2 protein chains.
Amino acid sequence: MARFEKVPDIVIGRLPVYLRALTRLASEGQEITSSQQLGKMLGVSSAQIRKDLSYFGEFGKQGMGYNIAHLQEQLSAILKVDREWEVVVVGAGPLAEALIREDPFAGKGFRIVALFDSRPERIGQRLAGMEILDSAQLPEVVRQRGLKVAILAVPAAEAQQVADTLVAAGIKAILSYASTTLSVPPEVRLQYNDAAAQLQRMAYYLQ
Amino acid sequence: MARFEKVPDIVIGRLPVYLRALTRLASEGQEITSSQQLGKMLGVSSAQIRKDLSYFGEFGKQGMGYNIAHLQEQLSAILKVDREWEVVVVGAGPLAEALIREDPFAGKGFRIVALFDSRPERIGQRLAGMEILDSAQLPEVVRQRGLKVAILAVPAAEAQQVADTLVAAGIKAILSYASTTLSVPPEVRLQYNDAAAQLQRMAYYLQ
DNA sequence: CTATGTGAACAACTTCACAGCC
DNA sequence: GGCTGTGAAGTTGTTCACATAG
């Protein structure tokens, strides 16, 4: 398939899922897989997996399937997570602590390198071994280190203002845990991590 | 629109987003809104909002717009979050602590009522004021209290086994923070809260 | 005159089905 | 024989545009 046409965002959204499944298979010692096996693991059709991959190239061998390590490399490169993006976290609360301690980004292309809070009593303290910096320094640090990715873990009331500061400082991707709708310019990517919304979506089907 | 036809899941997924926006408007003291205002806040078209709502009934007044409090009530009822679902959390780590302390479900239809771990040294301890129970008791507690909703916050290696136990005990909705693909029967709803995947999705557009 | 609710038109996405290669 | 890659067909989701109600 032409490698130049625009790839639907919905396809991009599935690549991390494929990558996770491949990691699992690799950890089990498997070397080769097929669109059918992946499809079964993930509950999607094998045709969808083949079609999704075809937006980016030809990664399989007909009659054989996909080399897992190779496909992992390719997908990592496509998603640009074949490197380590430095991430800033704003809001030194329990959630930031969980992210730093459990490090769910390890080996997935991201590393938390700076932690900010605006509450005077928190500034200078440590959280899970990481120093809490003054939010007043945020624009300077983001600019100097050229940070592009931020995680927002502040109360809803402050979220928009912090998002504005991040954007002004050059941040291009924000993952927000704040339970409020934010507004950012179109060149900045924004994702909400909203556990309450996920539960509400499932509640519809209960009973 | 016929209130009987099947509603696409993608529409259900947007209702919590609408609800969150309405909560924000209500907190700002507004009483009436329009599909256009909501659309602007959320970055979707006004037609989509009207169409989505039309699956469930007629909630607005032509020429006037929507009464915010009324629409909140209606959407809450549709999503079945006009009550409080009791939630069990499995895995007493930093993430469970963050969920209990920050309580992102407050006022959204869910309340954490039980916390389990399988590590002997953690059992009997307290986490953010909540007693850590022995995972061995999990099936019994889930059945006795008739719990339907679970949050999975255990290491990837244990996640599938815990999910199986939850399902066997009668859980119908699982929100998993484990970074691994799970398999559950079709009558059980499953959502992944995968921050790494969300960052990876945005990384594609960086640079 | 404003803003909803909704068929009809359109666009996006998914699945089918098969040629081509291993 | 098995499995990929992909146009074509089919399905689902979104936007248009307007009749209708306040």
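What you are looking at is a predicted structure, and each value in this text was computed from that prediction instead of being measured. Lettering of chains follows the sequences in order, A, B, ..., and the numbering in each one begins at 1.
Legend: residues meeting side-chain hydrogen bond (donor to acceptor under 3.5 Å, both in side chains) with A:Asp194, ordered by chain and number and at least two apart, are B:Arg20. Partners of A:Gln37 under the side-chain hydrogen bond (donor to acceptor under 3.5 Å, both in side chains) rule, at least two apart in sequence or in another chain, are A:Gln30, A:Thr33. The side-chain hydrogen bond (donor to acceptor under 3.5 Å, both in side chains) check on A:Arg50 picks up A:Ser35, A:Ser46, with sequence neighbours excluded. Applying the salt bridge (Lys or Arg N to Asp or Glu O under 4.0 Å) rule to A:Glu28 yields the partners A:Arg24; only residues at least two apart in sequence or on another chain are considered.
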Summarise how protein sits on nucleotides 10-22 of chain D as a single string, 5' to 3': B when a protein heavy atom is under 4.0 Å from the base, S for sugar-phosphate-only contact, - for no contact. ---SSBBB--BBS
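Regarding B:Leu38, its CG atom lies at a distance of 12 Å from the P atom of C:dG5, rounded to whole Å. Atom CZ of A:Phe56 is separated from atom P of D:dG5 by 13 Å (rounded to the nearest Å). If you take CZ of A:Phe59 and C1' of C:dC22, they are 19 Å apart, rounded to a whole angstrom. Between B:Ile49 atom CD1 and C:dT4 atom C1' the separation is 13 Å, expressed in whole Å. Between the CG atom of B:Asn67 and the P atom of C:dA3 there is a distance of 16 Å, given to the nearest Å.
Look at A:Tyr66 and you won't find any side-chain N or O under 4.0 angstrom from OP1 or OP2 of C:dC22.
For A:Gln36, the CD atom counts as loosely surrounded, since its 6.0 Å shell holds 12 or fewer non-hydrogen atoms of other residues, nucleotides or ligands.
Within residues 21-35 of chain A, the residues having any heavy atom closer than 4.0 Å to DNA chain D are, in order of number, A:Ser34, A:Ser35.
Each side-chain hydrogen bond (donor to acceptor under 3.5 Å, both in side chains) pair with one or both residues in residues 195-207 of chain A, not counting sequence neighbours, appears once here: A:Gln198-B:Asn193, A:Arg201-B:Asp9, A:Tyr205-B:Asp9. Counting only residues at least two apart or on different chains, the side-chain hydrogen bond (donor to acceptor under 3.5 Å, both in side chains) pairs with a member in residues 161-174 of chain B are B:Gln160-B:Asp164.
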In a table with atom names and distances, give each donor-acceptor pair under 3.5 Å that connects a side chain of residues 136-153 of chain B to protein atoms at least two apart or in another chain.
{"unit_1": "B:Arg143", "atom_1": "NH2", "unit_2": "B:Ala168", "atom_2": "O", "d": "3.3"}
{"unit_1": "B:Arg145", "atom_1": "NH2", "unit_2": "B:Glu86", "atom_2": "OE2", "d": "3.2"}

